[in-house]
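Everything on this sheet refers to the single structure shown next.
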Amino acid sequence: MGVLTETRRVDLTHADGRRWLDLLRRHDLRGHGGAAFPTATKIESAIGRRPRLIINVCDGEPLITKDAELVRRVPGLVIDGAALVARAVQARDVLFAVHAGSPTETRLGTSLAAEQDRLPGARLLRVPPRYFSSEASALASLASGGAARPLSREAPLTSQGPGRGRVPVLVLNAETVARGAELWLDADAPDAPTRISTRLLTVSGAVRRPGVVETGLSVTLAELIGWAGGVTSAPRAVLLGGYGGSWLKWSEAADLTLTPQALAARGADLGAGLVHVQGADCPLAFVADVAAYLARESAGQCGPCMFGLPAVAADVAELEDPIKGPSAWERLGRRLPVIEGRGACRHPDGAVRQTASALRVFGPHIQGHWSGRCEGSGARGTDRAA
Amino acid sequence: MSAELRVTVDPIACTGHGLCAAWLPERVTLDEWGYPIVDATPVPPELVKLARRAAGECPVRALRLAASR
């Protein structure tokens with residue numbers, strides 16, 4: 001059971017926007033793109049404003065593949081979910097944001113062409129394959145012919161309309177709308193089993209079968225890793241959420257369930273659904289690669305991000321050095337809190353959060369390097385990030 | 001009660017000239033790269049004139065005074 005195995009289609013002739021939104025509220029559906037905002041509230045805020053609807057089908061992170069998996073397995077459910085939203089808000093147009101040149105672009109393009117009757121006029125919005133390009137305000141900007149870069153915080157989100165004036169923009173994640181469609185299908189089928197809320201997670205790192213797993217939230221991280229074939233070496237830690245997420249020691253994470261409450265108690269959340277297992281290898285190459293990636297993927301618009309993230313990445317790269325490491329550690333303690341909350345988008349905040357949690361979780365390991373020993377097994381750098 | 005004024009900065013517009021910190025050190029300091037770190041607590045009446053000056057002197061109009069209730 002779950003969205004990936006859904007074979008039913010929504011009967012759009014009977015769709016009732018108000019009843020559907022009630023369902024979303026009753027099931028407390030929240031955005032699955034990372035921010036976990038209540039979906040019904042977001043959709044309702046756009047009613048009566050004839051928004052441009054953008055469905056975000058871009059897996060924004062190198063290790064996450066859940067949106068691609070969704071389109072590979074159940075493109076119709078994504079289209080149905082979008083159609084339900086489009087009807088509820090009387091969207092002026094519907095765009096599906098996909099990374100240009102990706103298999104998702106081809107697959108969804110084919111499905112849309114075959115289903116024009118369900119969602120007339122819907123089209124693809126081709127997004128450059130950069131980390132920040134699929135952020136909501138960057139999509140709004142791209143949709144109106146601008147650059148695919150985040151805009152200064154502005155609520156509500158708008159986009160340059162055709163001709164004159166600005167039009168409101170509603171951006172929803174593909175998994176979110178697919179779940180909305182599934183809730184409607186169950187409500188229409190009185191004999192449907194009681195719904196267990198599930199999520200799409202991408203499991204990567206030191207596991208035997210990396211990939212997308214759909215799971216209920218009452219399972220523990222250890223059980224989840226079991227479904228991914230188990231670990232390939234003794235796990236040290238797990239990165240939850242994404243590159244802007246949080247590291248947890250495996251010893252404190254293994255028995256945690258995936259409920260928002262259990263994770264929040266450890267300062268973590270599922271974000272965009274990454275579960276990356278760090279095995280017995282030295283973690284520092286991966287941590288440094290992620291920091292370098294996040295610095296490289298800054299949109300280069302805001303000073304604290306443009307200059308701060310490369311400085312942080314340089315510090316992280318020096319952590320393992322017995323001579324330079326201690327002062328790099330000290331600089332990070334000073335720099336990380338200064339950068340947080342000062343960009344137009346949340347990119348620098350995520351980078352800070354993840355780096356700070358890496359320092360906490362791998363602190364003793366890093367200090368081991370300073371006295372000339374690394375407790376990692378295997379060759380350093382065998383587990384590198386994208 | 002009149003609206004309180006707070007200093008805000010548009011982080012995309014800001015290019016780190018740093019004049020704001022010179023005009024209003026009570027609310028703005030600069031990070032090691034020269035970009036403003038803004039204290040968002042309300043600007044007291046005696047500082048409002050200086051705060052307006054700081055906003056007016058910003059070469060790229062990135063520093064703003066926002067009214068909040």
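To find a chain, count down the sequence lines: A is the first, B the second, and so on, and within it residues start at 1. Keep in mind that this is a model prediction, so the values were computed, not measured.
Neither the backbone nor the side chain of A/Ala299 comes within less than 4.5 Å of any heavy atom in chain B.
Applying the side chain to side chain donor-acceptor pair (under 3.5 Å) definition to pairs two or more places apart or across chains, those involving residues 46-55 of chain B are B/Arg53-B/Glu57.
Here B/Leu47 pairs with B/Leu24, B/Glu26, B/Val43, B/Pro44, B/Leu50 under the side chain to side chain contact (heavy atoms under 4.5 Å, CB included) rule; sequence neighbours left out. Applying the side chain to side chain contact (heavy atoms under 4.5 Å, CB included) criterion to B/Cys20, with sequence neighbours excluded, gives B/Val28, B/Pro36, B/Leu63.
Here the closest non-hydrogen pair linking B/Pro11 and A/Ala344 is CG-N, 3.5 Å.
When each of A/Pro304, A/Gly303, A/Cys305 is scored by its heavy-atom pairs under 4.5 Å with chain B, the top score falls to A/Gly303.
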Every donor-acceptor pair from chain B to chain A under 3.5 Å, please, each on its own line.
unit_1, atom_1, unit_2, atom_2, d
B/Asp10, OD1, A/Ser152, OG, 2.6
B/Asp10, OD2, A/Ser152, OG, 3.3
B/Asp31, OD2, A/Arg342, NH1, 3.1
B/Asp31, OD2, A/Arg342, NH2, 3.0
B/Glu32, OE1, A/Arg335, NE, 3.3
B/Glu32, OE1, A/Arg335, NH2, 2.8
B/Glu32, OE2, A/Arg335, NE, 2.7
B/Tyr35, O, A/Arg342, NH2, 3.3
B/Pro36, O, A/Arg342, NE, 3.4
B/Pro36, O, A/Arg342, NH2, 2.9

